[in-house]
J.: 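Structure incoming, see below.
Chain letters run A, B, ... following the sequence lines, proteins first, then strands; residues in each count from 1.
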Protein chains: 4
Amino acid sequence: MCPGTGATGKPPTFTEVARRAQIIEAAIETIAEVGFAKASLARIGQRVGVSKGLIGYHFGGKDDLIKQVLIRVVEAGRAYIFPRVFAESTGPARLRAYIESNLAFMSAHRSYMVAVVEILRHGAFKTDSGLRVDGRDIDVAARLLHEELARLQGQGELRSDFDPGAMAVAIRAAIDVVPHRIILDPQFDIENYSREVALIFDRATRPSDTN
Amino acid sequence: MCPGTGATGKPPTFTEVARRAQIIEAAIETIAEVGFAKASLARIGQRVGVSKGLIGYHFGGKDDLIKQVLIRVVEAGRAYIFPRVFAESTGPARLRAYIESNLAFMSAHRSYMVAVVEILRHGAFKTDSGLRVDGRDIDVAARLLHEELARLQGQGELRSDFDPGAMAVAIRAAIDVVPHRIILDPQFDIENYSREVALIFDRATRPSDTN
Amino acid sequence: MCPGTGATGKPPTFTEVARRAQIIEAAIETIAEVGFAKASLARIGQRVGVSKGLIGYHFGGKDDLIKQVLIRVVEAGRAYIFPRVFAESTGPARLRAYIESNLAFMSAHRSYMVAVVEILRHGAFKTDSGLRVDGRDIDVAARLLHEELARLQGQGELRSDFDPGAMAVAIRAAIDVVPHRIILDPQFDIENYSREVALIFDRATRPSDTN
Amino acid sequence: MCPGTGATGKPPTFTEVARRAQIIEAAIETIAEVGFAKASLARIGQRVGVSKGLIGYHFGGKDDLIKQVLIRVVEAGRAYIFPRVFAESTGPARLRAYIESNLAFMSAHRSYMVAVVEILRHGAFKTDSGLRVDGRDIDVAARLLHEELARLQGQGELRSDFDPGAMAVAIRAAIDVVPHRIILDPQFDIENYSREVALIFDRATRPSDTN
DNA sequence: CATGAATGAGGTTTCATTCAT
DNA sequence: TATGAATGAAACCTCATTCAT
């Protein structure tokens with residue numbers, strides 16, 4: 001029905017892949033700029049100079065486009081963050097790397113994060129088993145962090161007297177608030193915030209005998 | 001044109017004050033339940049058995065109603081939180097009281113917080129100088145917390161080697177994420193989370209020579 | 001959500017009943033005139049000088065409006081036809097009354113029938129168990145006729161050597177073709193056709209020993 | 001501009017004739033299957049694996065394609081029915097052959113008839129002088145039957161006390177209802193219906209002194 | 001001969017808003 | 001005070017059509 005969705009047997013054209021990416025980027029920027037509610041297809045189309053009809057041609061509809069936006073951002077984030085985290089070996093170093101690489105990514109791709117926050121806050125794509133887009137768990141971040149914290153606790157890499165679930169939520173909150181904060185205060189200094197947050201959670205999780 | 005807004009000279013009648021409050025409550029519950037996007041005036045009106053026309057009569061329009069919702073929630077929150085914070089004298093105790101009373105208020109008024117989060121994430125009411133509703137600073141929470149942390153630092157009530165601005169943002173983030181988290185996970189245990197968050201920020205701010 | 005649908009407890013206003021009837025009539029005439037496919041809500045609204053928005057206000061949507069049209073026509077038809085049929089006692093007389101009253105109704109309400117034919121041919125409202133609108137069997141005509149023919153056969157009121165099912169279909173066909181024929185040939189003489197059809201099926205069903 | 005329409009001087013190539021036929025068949029099947037309203041060019045193209053652009057190339061547009069469908073079906077029907085009718089010599093035999101060959105053709109080409117019914121009911125191609133496609137009379141069936149009945153009456157081959165026009169309409173109705181009936185009731189037994197209808201109209205038209 | 005890409009019109013639906021009663 | 005009635009804008013979606021390649 002619509003091309004490039006994998007539904008048809010034919011591989012997507014080069015031009016088409018480019019257009020899709022272009023539209024996805026336009027959607028991200030538009031949502032980040034004017035908010036989800038006002039990011040109509042017409043407005044998104046205007047940004048790249050295409051008609052709203054074309055979006056219907058390349059994507060199944062608005063829902064599909066939004067899905068692709070989420071997938072795009074999540075994948076870009078993972079590609080950035082994962083290597084930096086797993087390059088570290090000790091617990092505190094990993095946690096620091098996690099926080100700092102998350103915030104560095106946000107700093108580098110402000111509109112990406114703003115857009116995702118906008119989308120998720122609109123409650124789209126919420127199912128009974130969490131936040132899912134085409135079967136992929138978009139809310140996986142907190143869960144993965146939870147598991148990693150618990151694992152590091154078990155290995156004695158982090159102090160044992162905190163609840164890893166609550167800690168994961170608090171850490172993700174400190175990270176995820178940034179897009180929102182940027183909207184409220186364009187002067188917000190992410191680098192400074194990054195250092196401070198890393199320090200806060202370092203103090204809250206570092207085993208007492210290390211430094 | 002519309003009563004009770006201060007625009008007319010006449011004081012609002014009792015009936016009117018009650019109706020306005022009733023509608024504001026209905027708006028809060030509706031938004032919390034079905035989300036901002038689907039909270040049409042008709043739906044809000046249905047909840048209290050009032051026509052949408054009447055909402056237009058009592059409020060200038062949807063925007064005005066939403067403003068009143070924000071004001072209502074902010075004031076209710078302050079009335080709950082402020083006394084509990086200022087009942088404490090030491091820095092760490094105040095911070096703990098701040099975090100715990102905030103979360104206790106959320107626990108007691110889930111729909112209030114969910115509604116506010118829904119509204120704010122829709123980007124309404126953002127001005128160049130932050131989040132303002134009829135001149136009142138809705139985002140004042142972080143700023144007040146920032147100032148209070150700085151003051152306590154200056155008095156030696158809290159350790160001096162953290163940035164109070166960043167700390168305030170992180171603390172607010174840990175608090176404000178709760179409504180969102182509730183939506184994602186209805187099983188979320190606020191009381192446990194409250195204790196853990198208080199502990200995290202206690203460790204991050206308590207002067208080294210106290211306990 | 002929308003008034004007069006029986007969903008709300010309140011009884012529909014007089015004005016509202018009138019408007020609904022007015023819009024239903026307009027829909028019938030519009031569909032009869034320009035065909036189902038081109039009978040947009042805007043066009044229907046134009047005919048009575050109301051906005052398409054109002055149709056959405058009085059009816060749940062286009063589907064609901066179409067349903068109401070069907071119900072309206074079917075009920076009007078029954079009210080006309082039933083008494084005339086059951087006023088007769090012998091088999092041949094009943095059949096003649098059935099055919100003639102059907103065609104007389106069509107003659108009197110051409111647009112009604114044209115509209116229904118238009119709607120039904122669009123395949124709307126077809127379910128596995130026939131043609132249903134809100135649980136009512138719209139295609140009941142052929143079935144009722146089938147049963148009545150079989151009953152009259154059993155009583156010796158009609159000859160026994162025809163298949164009542166096939167006969168019912170042929171009779172309904174001769175009746176239901178009229179709206180279509182009117183469209184093709186506005187000069188079509190229903191009265192003459194009515195007599196001829198009654199005669200055709202009289203000859204095909206009258207017991208051999210009667211006259 | 002578009003080939004094979006007779007507009008250009010060049011004769012249509014073999015490939016082109018084949019493609020056109022292929023697309024026409026696809027259109028017939030698609031319309032029969034999903035209905036006229038949902039038979040978009042894209043969908044029709046999918047069925048034979050060609051792009052909708054190609055349809056625009058081979059036909060002037062959707063209207064033209066639909067015209068070709070009608071012409072195709074009418075011609076196929078004639079080729080089937082005419083020889084069978086004119087193989088009979090007596091009036092009653094001809095009429096029986098007419099009815100039965102019509103219904104046999106429908107039985108053998110259900111999608112052809114369903115498609116035509118779908119198309120005609122959409123009111124396309126109606127002109128002041130009946131149903132015309134490129135000057136050809138699509139609704140000729142009833143007229144031809146009318147004339148033939150009148151001719152046979154004049155020759156004493158059929159009884160003289162019926163109106164041949166009304167009779168023709170009733171007969172065509174009994175025939176044309178079948179596609180519709182098939183849609184409503186997939187179990188519909190055409191062969192049985194065919195016999196019964198032939199009998200009905202035999203009784204209505206056979207001269208009283210023959211058997 | 002054939003396709004993919006792109007447009008723009010038209011349709012339904014939802015809603016905030018206004019107005020007469 | 002309060003309501004029902006009505007409007008009009010804006011959104012999404014589908015599709016026939018056109019065009020460059």
Side-chain angles (χ1 to χ4, degrees), chain A residues 1-4 10 12-16 18-19 37-43 45 49-65, chain B residues 1-3 13 15-16 19 37-45 49-65, chain C residues 1-4 10 12-16 18-19 37-45 49-65, chain D residues 1-3 13 15-16 19 37-45 49-63 65:
Chain A
M1 193 169 292
C2 65
K10 297 180 184 175
T13 314
F14 171 76
T15 313
E16 195 207 314
R19 258 287 189 254
K38 294 192 174 172
S40 67
L41 292 187
R43 205 151 177 173
V50 300
S51 73
K52 63 186 170 179
L54 188 63
I55 299 178
Y57 171 73
H58 281 294
F59 301 88
K62 195 178 191 184
D63 282 1
D64 184 41
L65 173 57
Chain B
M1 190 171 292
C2 65
T13 66
T15 311
E16 172 176 344
R19 259 285 189 254
K38 293 190 176 173
S40 66
L41 291 187
R43 208 153 177 171
I44 291 169
V50 138
S51 75
K52 61 187 167 177
L54 189 61
I55 298 179
Y57 173 74
H58 279 297
F59 300 89
K62 194 180 191 184
D63 282 2
D64 183 42
L65 171 58
Chain C
M1 193 170 293
C2 64
K10 298 179 184 175
T13 312
F14 171 75
T15 312
E16 195 207 314
R19 258 285 190 253
K38 293 193 175 172
S40 67
L41 293 186
R43 206 151 177 172
I44 292 169
V50 302
S51 72
K52 63 186 170 177
L54 187 63
I55 299 178
Y57 171 73
H58 281 294
F59 300 88
K62 193 178 192 185
D63 281 2
D64 184 42
L65 173 57
Chain D
M1 190 169 290
C2 62
T13 66
T15 311
E16 176 182 339
R19 260 285 189 255
K38 293 190 176 174
S40 66
L41 291 187
R43 208 151 177 173
I44 291 169
V50 301
S51 73
K52 60 185 169 180
L54 188 62
I55 298 178
Y57 172 75
H58 280 296
F59 300 89
K62 196 181 190 184
D63 281 2
L65 171 58

J.: Atom NE2 of H58(C) to atom C1' of dT7(F): distance rounded to whole Å?
T.: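 Result: 12 Å.
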J.: Identify which nucleotide among dA5(E), dA6(F), dA5(F) has an atom closest to any side-chain atom of R19(C), counting heavy atoms from C-beta outward.
T.: dA6(F)
J.: Identify the two heavy atoms, one from L41(D) and one from I55(D), that lie closest to each other, and give their separation to 0.1 Å.
T.: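 Heavy-atom minimum between the residues: O-CD1, 3.6 Å.
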J.: Rounded to whole angstroms, how far apart are CG on L54(A) and P on dA5(E)?
T.: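 L54(A) atom CG is separated from dA5(E) atom P by 9 Å.
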J.: Can you name the nearest heavy-atom pair linking K38(A) to R43(A), along with the distance?
T.: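 Minimum heavy-atom separation between K38(A) and R43(A): O-CD, 3.5 Å.
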J.: Name the residue closer to the 5' end of DNA chain E, choosing between I55(D) and G49(A) according to the nucleotide with the nearest heavy atom.
T.: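 Looking at DNA chain E, the more 5' nearest nucleotide goes with I55(D).
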J.: Using the closest heavy atom to pick a nucleotide of DNA chain E for each, name whichever of V50(D) or V50(A) lands nearer the 5' end.
T.: V50(D)
J.: Once each nucleotide of nucleotides 12-21 of chain E is scored for protein heavy atoms under 4.0 Å, what B/S/- sequence comes out, 5' to 3'?
T.: BB-SSB----
J.: Counting a pair only when it is Watson-Crick or G-U and both distances are under 3.5 Å, which runs of at least 3 such pairs involve DNA chain F?
T.: E:2-21 with F:2-21
J.: Calculate, to the nearest 0.5 Å, the distance between atoms OG and NZ belonging to S40(A) and K52(A) respectively.
T.: 8.5 Å
J.: Check side chain to side chain donor-acceptor pair (under 3.5 Å) between R19(C) and all other residues, then give those that pass, not counting sequence neighbours.
T.: Q22(C)
J.: In whole Å, I'd like the distance from the CD1 atom of I44(D) to the C1' atom of dA16(F).
T.: 11 Å
